[in-house]
Every structure is written in C-alpha cells, then in structure tokens.
Amino acid sequence: MASVCCRARQPFHPQKLYDFLQQTFMLQEQEVYEHLELQGDILKEPKTGATGQMIKPLEFQKRSQMRKITYGKAHASAHPDCRSSGQKGLMIGRRNDMMGEWSSAGNMLKLNCGAPWFAAMPQEAWPDIKVAEVMQDFVEPHGDRRQEIVFIGQNLNKSAITRALDDCLCLEKDLRESKHLRDPFREWPALELMEVEVTDSSEVSEDGDSSKVSEDRDECTRQLSEQ
C-alpha cells in the first residue's frame with residue numbers, strides 16, 4: 001500500500017473541481033440542512049420538525065433529507081482499490097467560511113460541508129483547544145484554509161494525482177475575480193446559520209489568564225512569520 005498527500009494553499013476553482021470529479025468519480029452530494037422557521041433572527045420557541053423531532057432555539061442541525069444526488073459516470077482513472085480523504089482541509093473558492101469534507105472509496109466520492117474554518121470565526125468562538133496548535137496551520141492570506149487530501153492504494157501515480165488536483169486550483173486571475181467564479185456544487189449553509197458557542201476568554205487560555213489569549217495568538221503569528 002502507498003499513500004499520496006496533496007497539499008496547497010490556493011482554493012479550488014469550483015467549476016474546475018466539479019468537472020474533474022464528474023469525469024473521475026461517481027460524485028455524491030448531500031442536502032446538509034433545511035431552513036428553520038425563524039421569527040425575526042431568533043427561533044423563540046421550540047418547533048416540531050417534519051419527523052416530529054423538536055427543533056431547539058438557535059440550533060443549527062445538519063439534518064440530511066437523505067437525498068443523495070449522484071452525478072456523472074465513473075471514469076477509468078479512479079482506481080477501484082484507491083481510497084481518499086480530505087477531512088483536514090478542503091477549500092473551495094467562494095466558500096470561504098466552511099471547510100469541505102472529501103471522502104472516496106473506489107469510484108464513489110462524497111463531498112459535503114464540514115466545520116467552519118478557524119479563520120472565519122472570532123477567537124472567542126474557537127473550541128477549548130491550544131491557540132498555538134491552531135496557529136500552526138495559519139498562513140496568510142488564507143489563515144488555516146488549505147487543501148490536504150490523502151490518497152491510499154496500490155500502484156498510485158503520484159505525479160498524475162498531484163497534477164490533476166493542481167489543475168483544479170484557482171489561478172491568480174481567478175482569485176482576483178473570486179466573486180464571479182461559477183460554482184455548480186450544491187449550496188452549503190451560511191456561517192451565520194451555525195450556532196457558534198462563544199467561550200469565555202478565560203476558558204480559552206490554558207492558565208486561565210484571559211489577557212494572555214490575544215497575546216498568545218500574536219506571539220504565534222510572529223514566530224510563524226519569522227520561520
């Protein structure tokens with residue numbers, strides 16, 4: 001067994017990536033949410049969903065409607081024994097807030113919406129983890145947004161895999177016109193619809209000193225810039 005890890009700091013061009021996946025895999029995308037009935041900006045009282053399940057106020061749920069849409073036909077270039085995963089990083093142009101989740105087995109590939117990027121959230125909303133560990137993934141101008149896709153299988157052609165994905169990345173002119181990029185993927189939820197729990201800053205710092213939170217981040221940023 002061999003493995004190939006493809007990394008990049010540019011976003012994928014939505015149309016180029018979509019076309020590549022259609023030609024290479026049986027692409028599956030899933031409905032990840034349905035709009036909640038909001039009263040103003042806040043769902044004030046619990047509601048009952050279509051299945052009878054109670055919907056809590058201000059709660060975003062990745063409730064799939066179990067409608068998986070399959071596109072394209074499997075191409076010979078997708079090796080039947082190859083698996084791939086992009087759980088740590090998948091950045092698609094025009095989708096700057098949310099990380100994509102990539103998972104494939106043989107000719108079948110699933111691409112869905114994942115968690116928000118740390119760079120898209122205020123630090124007070126980060127989970128209770130070490131700031132230094134998060135900052136190791138930060139590289140300007142994209143913060144922690146990145147591509148990190150791992151392929152595992154036999155007789156993998158590293159150069160062909162890397163070249164195929166590199167061809168899907170945005171060019172400089174694409175980045176300048178990112179708002180106008182054609183995006184054929186299914187819609188993902190907006191970050192504003194996510195229920196982000198804002199943690200008290202005293203809980204974020206390891207030693208409980210809230211004044212050190214921003215200092216830790218500044219120091220990490222300075223050290224990374226000097227490397």
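- To the nearest 0.5 angstrom, Phe12 atom CZ is 14.0 Å from Leu181 atom CG.
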Task: Working for side chain to side chain contact (heavy atoms under 4.5 Å, CB included), residues Leu109 and Leu21 - done: CA-CA 8 Å; Leu109 184 142; Leu21 296 181; 4.1 Å; yes
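- Side chain of Asp144 to main chain of Ala119: a donor-acceptor pair is present (N/O by atom type, distance under 3.5 Å, no hydrogens or angles).
- Considering only heavy atoms from C-beta on, Trp188 stays 4.5 Å or farther from Asp97 through its side chain.
- The minimum heavy-atom distance between Met99 and Gly89, with the atom names listed, is SD-N, 4.2 Å.
- Distance CE/Met108 to CG/Leu27: 9.0 Å, rounded to 0.5 Å.
- In this structure, CG on Asp167 lies 9.0 Å from CZ on Phe20, to the nearest 0.5 angstrom.
- Heavy-atom neighbours of Arg182 CZ from other residues, nucleotides or ligands within 6.0 Å: at or below the threshold of 12.
- With hydrogens and angles disregarded, no donor-acceptor distance shorter than 3.5 Å links the side chain of Glu29 to the backbone of Asn112.
- Listed for the Asp166 side chain is no donor-acceptor partner under 3.5 Å among the backbone atoms of Arg163.
- We find the CG-CE distance between Leu169 and Met91 to be 8.5 Å, quoted to the nearest 0.5 Å.
- Closest heavy-atom contact between Pro14 and Gly93: CG-O, 3.4 Å.
- Residues Ile161 and Cys6 meet the side-chain proximity criterion, which asks for heavy atoms closer than 4.5 Å.
- Contact check for Lys16 versus Cys170: no side-chain heavy atoms found under the 4.5 Å cut-off.
- Looking at every heavy atom in both residues, Trp126 comes nearest to Met135 through CH2-SD, 4.1 Å.
- Ser85 and Ser103 share no side-chain donor-acceptor pair at under 3.5 Å.
- Side-chain atoms of Ser104 come within 3.5 Å of backbone N or O of Ser84 as a donor-acceptor pair.
- A 4.5 Å side-chain heavy-atom check between Val139 and Arg145 finds every atom pair outside the cut-off.
- At least one side-chain heavy atom of Phe118 sits less than 4.5 Å from a side-chain heavy atom of Ile129.
- Contact record, Leu156 with Gly153: CD1-N, 3.6 Å, taken as the closest heavy-atom pair.
- A salt bridge is absent between Asp137 and Lys88: the closest approach of a Lys/Arg side-chain nitrogen to an acidic carboxylate oxygen does not fall below 4.0 angstrom.
- Between the side chain of Gln147 and the backbone N or O of Gln10, at least one donor-acceptor pair lies under 3.5 Å.
- By the 4.5 Å heavy-atom criterion applied to side chains, Phe185 and Leu111 are counted as neighbours.
- The side-chain heavy atoms of Trp117 and Arg146, taken from C-beta on, include a pair separated by under 4.5 Å.
- Minimum heavy-atom separation, Leu17 to Cys168: CA-SG, 4.0 Å.
- Judged purely by atom type and a 3.5 angstrom limit, Arg95 has no side-chain atom pairing as donor or acceptor with the backbone of Ile92.
- A distance of 8.5 Å separates SG in Cys82 from CD1 in Ile152, rounded to the nearest 0.5 Å.
- Residues Phe151 and Leu165 have side chains in contact (heavy-atom distance under 4.5 Å, counting atoms from C-beta outward).
- Within the model, atoms CZ of Arg94 and CD of Gln15 stand 11.5 Å from one another, a figure rounded to the nearest 0.5 Å.
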